[in-house]
Trainee: 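Here it is, the structure, as structure tokens.
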Amino acid sequence: MKTETIVILSQREIEKMRRAGRLAAQLLQHLEPLVKPGVSTLQLNDEAERWTQQHGAKSAPLGYKGYPKSICTSVNEVICHGIPNAKQILKDGDIINIDVTPIIDGYHGDTSKTFLVGNPSPKAQKLVEVTAECLRLGIAEVKPGAKIGDIGAAIQEYAESFGFSVVRDFVGHGISHIFHTAPDVPHYGIRGRGKKLRAGMVFTIEPMINEGTHEAQMLNDGWTAVTSDRQLSAQFEHTIAVTEYGVEILTLP
Ligand code: MF3
Ligand code: CO
Ligand code: CO
């Protein structure tokens, strides 16, 4: 259960979030060249865990509410929280979201990207491209005085203009020394609605965009969320801070 109160971080805390965010982005950058046909999602997980420890950090997902691995690897119809597995081998034409959250000095950096494996179909590539742009457009709404609903509205408008849909069951979230806290940041919504943004708020924006229905289904492992129609889903995530002037992306390398 999330607390209702949205915390305003001090400059000292934002500095720690910058460090965690940079490390998270560098970890994704480190993993990117490994994303090739033939690699297993467990190999990606194990390299992420090794690199994270080597950099004096911990993997927030490992053991979080019982989650068994260090990163999430969500392939094709998996919306989010795919669990790395030795038997899951990437093949030409797949798309894979890798979501990482290292903790350093007590603070979390949460970021994800969807990568192309070899040569996916033009429609898959379009979905990935549109989803990246959804994140960019969501971030562009952020400034003091704007409303949380402005972010979702911008994302929904753009995604739906291509006939894609926005996942409802998973949202962005406040983040600091706590992994998931207030506010919820939906990737759909209405301009002018929701909480007002203030300098010092830190949260993620992480749109999940589907080819077909927005409806999600949970697999029996209790974690893996897939599209109900088994069509493709893509996602990109940044952790951002609201600044006096606008927005700072914390998860850049
Ligand atoms: N990193 C995911 C997010 O963006 C959360 C993963 S929680 C886990 O919020 F337990 F599945 F790892
Ligand atoms: Co994440
Ligand atoms: Co997140």
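Each ligand, and each atom within it, is numbered from 1 in the order the structure gives.
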Trainee: For ligand 1, which of its N or O atoms have a protein N or O partner closer than 3.5 Å, and how long is each gap?
Mentor:
residue: ligand 1; atom: 1 (N); partner: Asp99; partner atom: OD1; Å: 3.1
residue: ligand 1; atom: 1 (N); partner: Asp99; partner atom: OD2; Å: 3.2
residue: ligand 1; atom: 1 (N); partner: Thr101; partner atom: OG1; Å: 3.4
residue: ligand 1; atom: 1 (N); partner: Asp110; partner atom: OD1; Å: 3.2
residue: ligand 1; atom: 4 (O); partner: Asp99; partner atom: OD2; Å: 3.2
residue: ligand 1; atom: 4 (O); partner: Asp110; partner atom: OD1; Å: 3.4
residue: ligand 1; atom: 4 (O); partner: Asp110; partner atom: OD2; Å: 3.1
residue: ligand 1; atom: 4 (O); partner: Glu206; partner atom: OE1; Å: 2.9
residue: ligand 1; atom: 4 (O); partner: Glu206; partner atom: OE2; Å: 3.3
residue: ligand 1; atom: 4 (O); partner: Glu237; partner atom: OE1; Å: 2.9
residue: ligand 1; atom: 4 (O); partner: Glu237; partner atom: OE2; Å: 3.0
residue: ligand 1; atom: 9 (O); partner: Asp110; partner atom: OD2; Å: 3.4
residue: ligand 1; atom: 9 (O); partner: His173; partner atom: NE2; Å: 3.0
residue: ligand 1; atom: 9 (O); partner: His180; partner atom: NE2; Å: 2.7

Trainee: Quick one: are Val167 and Ile209 in side-chain contact, heavy atoms under 4.5 Å?
Mentor: no

Trainee: Salt-bridged, Lys16 to Glu13, with N to O below 4.0 Å?
Mentor: no

Trainee: Salt bridge (charged side-chain N to carboxylate O under 4.0 Å, His left out): which pairs involve residues 137-165, sequence neighbours left out?
Mentor: Glu141-Arg191

Trainee: Considering all heavy atoms of both residues, which atom of Pro102 and which atom of Ala57 are nearest to each other, and what is their separation?
Mentor: CB-CB, 4.3 Å

Trainee: Under 2.8 Å from the Co ion (ligand 2), which protein atoms of type N, O or S occur, listed by chain and number?
Mentor: Asp99 OD1, Asp99 OD2, Asp110 OD1, Glu237 OE1

Trainee: More than 12 foreign heavy atoms under 6.0 Å from CZ of Arg50: is that the case here?
Mentor: yes

Trainee: Between His173 and the Co ion (ligand 3), is there a contact where an N/O/S atom of the residue lies under 2.8 Å from the metal?
Mentor: yes

Trainee: Using the ring pair (Phe, Tyr, Trp, His ring centres under 6.0 Å) rule, collect all pairs that involve residues 187-216, keeping only residues at least two apart or in two chains.
Mentor: none

Trainee: Would you mind telling me which of Asn119, Leu90, Val117 makes a side-chain contact (heavy atoms from CB on, under 4.5 Å) with Pro37?
Mentor: Val117

Trainee: With a 6.0 Å cut-off (strictly less than), is the heavy-atom count around CZ of Arg193, excluding the residue itself, greater than 12?
Mentor: no

Trainee: Side chain to side chain contact (heavy atoms under 4.5 Å, CB included) between Leu135 and Leu137: does it pass, once the steps are laid out?
Mentor: CA-CA 5 Å; Leu135 174 56; Leu137 290 170; over 6 Å; no

Trainee: Using the side-chain hydrogen bond (donor to acceptor under 3.5 Å, both in side chains) rule, take Glu47 and His30 through it: C-alpha gap first, then chi angles, then the decisive distance, then the call.
Mentor: CA-CA 9 Å; Glu47 181 54 21; His30 175 72; 2.7 Å; yes

